[in-house]
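Some notes on the structure that comes next.
Letters A, B, ... are given to chains in the order of the sequence lines, protein chains preceding strands, and every chain is numbered from 1.
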Protein chains: 2
Amino acid sequence: MVKIKEKDRNIEATIHNAARSVFLKKGYDGARMQEIADEAGINKALLHYYFRNKEKLFMSIFDEALNTLIPKIGAVIQSDKRFSEKIEIITDAYISMLKQNPYLPMFVIHEVQSHPEFIVDKLQNMGIDPSKIQKQLKTEVEKGLLKQVDFRQVFVSLISMCIFPFAAKPMLIKFLFNDNEAEWDKFIEERKKFIPSFINESLKAR
Amino acid sequence: MVKIKEKDRNIEATIHNAARSVFLKKGYDGARMQEIADEAGINKALLHYYFRNKEKLFMSIFDEALNTLIPKIGAVIQSDKRFSEKIEIITDAYISMLKQNPYLPMFVIHEVQSHPEFIVDKLQNMGIDPSKIQKQLKTEVEKGLLKQVDFRQVFVSLISMCIFPFAAKPMLIKFLFNDNEAEWDKFIEERKKFIPSFINESLKAR
DNA sequence: GTCTATACGCAGATAGAC
DNA sequence: GTCTATCTGCGTATAGAC
């Protein structure tokens, strides 16, 4: 339960790590301040001493999560790679990250309901702008490389196909894989290739 | 708040309607027994008299929801229509239903986390069987109509593309549509055509 | 800064009169 | 069956000693 390896590391960071772990596993509602305190090896009172309340602690974690994910995606979008290649990279980044943090989707979905503007602001502040993506897609369409499409439909489809399976995992693994975890892993790994080829095939101009 | 139109209708049904409305709006955690009681025009005690506890009441609603949705999908799958046409019908059914009940995804996602086996049992009892779907797809592949694919990838993609946008709506509508509800509606309406053509294009044998 | 003990509020559930 | 009043437990948050 308690595992403080570097004792000299300051408590704030320890709490942060504990909170990240618990929030990611249980989501906002499921997370208990007591559990976070235990995980950090302190008591609830001290937890509230450092972070006034649950909401503030949560936001701090969520902010951190967004700050590590968004720049990666942003960099790819800004790059001068071809559209199809961008899709491949983004898919891989997304799925790899979700594999390591299987509870992230529920975490995000919760936050999407309660603080959508927070996420959107973050995206925009980091320079991720729908109109930019649209412009890039348009360029390739004009070159005759891609079919004419509403980029928003493609965008929404991409993130849906990456994120949703993790949220629905408890059901899918039963329904499609007889609760075989290894099969599920293989499925997810294959998905990294399936999604890009699925999208690219569909958008290919002919 | 209270709106009992047919007074002679028995209370159980009234409670059921109230509970459906509240659970769909607020999800399991967000729903309050008090609110359901108010909506039904009774008090909490009576609520517990009819349905012993919150969990039982919820399951009753959830069961009803599955019973109306699954048979529709099942019927389409059983039918002798072509694969591409089935995708069209299922997409339309799904999205139309989600449009009317925008909170259903959160509702389902909650249940997927806590009682996955309940959903899977229901699916199987109603004759929806992955191997059947697979067999159908395989037939068309052998006829040279479709490309060789893992049907599970397609299946998961289909439901992801239909359901996830509704769960992520609060964010998407801000990010892509400047909170313009009419634009969102148009987007969703177009999605009924986009998804099938997206899938069918991608799977087409060439 | 860190602890123990406790206050407070909420929501689900029940007792018991009618 | 239906109500009012109340219990209970839990989880966040705080008071106050050290």
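Side-chain contact between Leu57(B) and Asn53(B) is absent, with no heavy atoms from C-beta onward closer than 4.5 Å. Side chains of Phe58(A) and Phe51(A) form no contact here, defined as non-hydrogen atoms less than 4.5 Å apart.
Whole-Å rounding puts the Lys44(B) NZ to dA11(C) P distance at 9 Å. Per the geometry, CD belonging to Glu35(B) stands 10 Å off P belonging to dG12(C), to the nearest Å. dG1(D) atom C1' lies 8 Å from atom CD1 of Ile11(B), rounded to whole Å. Whole-Å rounding puts the Gln34(A) CD to dT14(D) C1' distance at 15 Å. With rounding to whole Å, Met33(B) atom CE is found 21 Å from dC7(D) atom P. In this entry the distance linking CG of Asp38(B) with C1' of dC3(D) reads 14 Å, nearest Å.
With no hydrogens or angles considered, a side-chain donor-acceptor pair links Glu55(B) and Tyr28(B) at under 3.5 Å.
For NZ of Lys147(B), the number of neighbouring non-hydrogen atoms (other residues, nucleotides, ligands) closer than 6.0 Å is greater than 12.
Taking only side-chain nitrogens and oxygens, Asn43(B) comes nearer than 4.0 Å to OP1 or OP2 of dT4(D). Residue Arg32(B) has a polar side-chain atom (N or O) positioned under 4.0 Å from OP1 or OP2 of dG12(C).
Note on Ala31(A): only backbone sugar-phosphate atoms sit closer than 4.0 angstrom, heavy atoms only; bases stay farther off.
For the segment residues 45-60 of chain B, the set of residues with a heavy atom within less than 4.0 Å of an atom of DNA chain D comprises Ala45(B), Leu46(B), Tyr49(B), Tyr50(B), in numerical order.
Applying the side-chain hydrogen bond (donor to acceptor under 3.5 Å, both in side chains) criterion to Gln100(A), with sequence neighbours excluded, gives no partner residue.
The only member of Lys193(A), Lys192(A), Arg191(A) that meets side-chain hydrogen bond (donor to acceptor under 3.5 Å, both in side chains) when paired with Glu189(A) is Lys192(A).
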